[in-house]
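Numbers here are sequence positions counted from 1. When a ligand or atom number is given, it counts from 1 through the structure's own listing order. Below, each value reflects all heavy atoms present in this structure, side chains not excepted, and no hydrogens, waters or symmetry copies.
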Amino acid sequence: MTTLRYQVSKPVLHGNEKKYVQDALNSGWISSSGKYISEFEDRVSRFLGLSGGIAVSSGTTALHLACEALGFDDRRKVIVPALTYVATANAVSYCGGVPIFADCEIDSWNISIKTIEKAWVEGVRGVIITHLYGQPAPADEIRNFCARESIWLIEDCAEAFGAEIKGQSVGQFGDVSIFSFYGNKIISTGEGGMVFARNDPSREKIRMLKGQGMSAGKRYWHSVIGYNYRMTNVAAAIGCGQVEDAELHLSERYRIASKYMQEFRPLEDEGLVQFPANIPDYRNVYWLFSMLLKGFDQTMRDRLIDTLLNEHGIETRPFFIPMHLLPIYKGSKDDLMNSEIVSAQGINLPTYTGLPNSSIEEISGIVSDVIRSFGRE
Ligand SMILES: *Cc1c(COP(=O)(O)O)cnc(C)c1O
């Protein structure tokens, strides 16, 4: 076992994070009151060009609040990508809903109108889309589709902070949209998230639900069963430092992805790897640089991951396992072949601010050699 030389991801906290955290500690406001929370909400909203961000304790709790705020009537089904992080589907389950899984497209790795229509059943209340690994899903088209069908749309932007469709930030299209600030996300607060709602009633409901359902005008008057999903002032202080450097973290990811693609170009030309789709007018933020190992099955991909880690100290990650293959969601599958192929062949490579070009050359060289050696077996 060699020592770990390259992690897949790590937070880079070299701006004003320490100063703001120190200030929060000195102020004594370490829980969910204090100036950094509204400051963080304002800064993120301004940066993304969205209005009224509500800071919460995680991306998962943000998704739960989104589902609760939009609600379910007698229609309990929600279309969710099969290929996503489990939190997306769980949010539906928390509210007593039933996720219906839609396949991804083989090139974009995201769901589309076509795959939503294919998954369609009676009694759909809404759609949740994920912008997977930083690549925008066609949120503008899906939004129009949802409007025509009179159903709601939630955007899970956990992996896509700063991603854009035709110059508009993701998060702009959903009735409610959420972001995550977990340690490996593009900007981080340790644990944390943010919710954006299109209209005031939803916003009010989300604010109320995150704070134990207490009404704004009357202390200890709880008109609904709420939660404690608040962000702490200390976490928000970290976030205020992070958002100041958001452009840097985004440009770094662009540099890193471009460099990987340059290095892997020979393998792409030979059809050995598939890069993220380059979609006109879409800004992919390359949360983690990702590619498919064409012709690999899951066993080979996993063996490649083990080899890279154990023999070269390079940490990589497999793509998410499609939801319908998890025992907790089994039974709801149909034709979700693209998700299974993309999941089995997908790999995330080290992607974090400050990863030098020379390291990317080294990593790419080793990964290329191992891919070729597997291909010769
Ligand atoms: C990270 C992530 C979440 C959950 O965020 P947490 O802050 O870890 O709870 C939800 N959806 C997707 C797609 C994610 O990648």
In a simple table, one pair per line, please give the protein and ligand 1 atom names for every N or O pair closer than 3.5 Å, along with the distance.
unit_1: ligand 1; atom_1: 5 (O); unit_2: S180; atom_2: OG; d: 3.2
unit_1: ligand 1; atom_1: 7 (O); unit_2: G59; atom_2: N; d: 2.8
unit_1: ligand 1; atom_1: 7 (O); unit_2: S180; atom_2: OG; d: 2.7
unit_1: ligand 1; atom_1: 9 (O); unit_2: G59; atom_2: N; d: 3.3
unit_1: ligand 1; atom_1: 9 (O); unit_2: T60; atom_2: N; d: 2.9
unit_1: ligand 1; atom_1: 9 (O); unit_2: T60; atom_2: OG1; d: 2.5
unit_1: ligand 1; atom_1: 11 (N); unit_2: D156; atom_2: OD1; d: 3.4
unit_1: ligand 1; atom_1: 11 (N); unit_2: D156; atom_2: OD2; d: 2.7
unit_1: ligand 1; atom_1: 15 (O); unit_2: E159; atom_2: OE2; d: 2.5
unit_1: ligand 1; atom_1: 15 (O); unit_2: K185; atom_2: NZ; d: 3.2

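- With salt bridges taken as basic N to acidic carboxylate O contacts below 4.0 Å, one links E361 and K259.
- Electrostatic pairing of E122 and R75 does not count as a salt bridge here, judged by no charged N lying under 4.0 Å from a carboxylate O.
- A cation-pi arrangement, defined by a distance under 6.0 Å to the six-membered ring centre and an angle within 45 degrees of its axis, is absent between R253 and F289.
- Residues Y6 and H312 keep their aromatic ring centres 6.0 Å or farther apart.
- A cation-pi geometry, defined here as NZ or CZ lying under 6.0 Å from the six-membered ring centre and within 45° of its normal, does not hold between K35 and W29.
- With ring centers used as reference points, F275 lies 6.0 Å or more from Y286.
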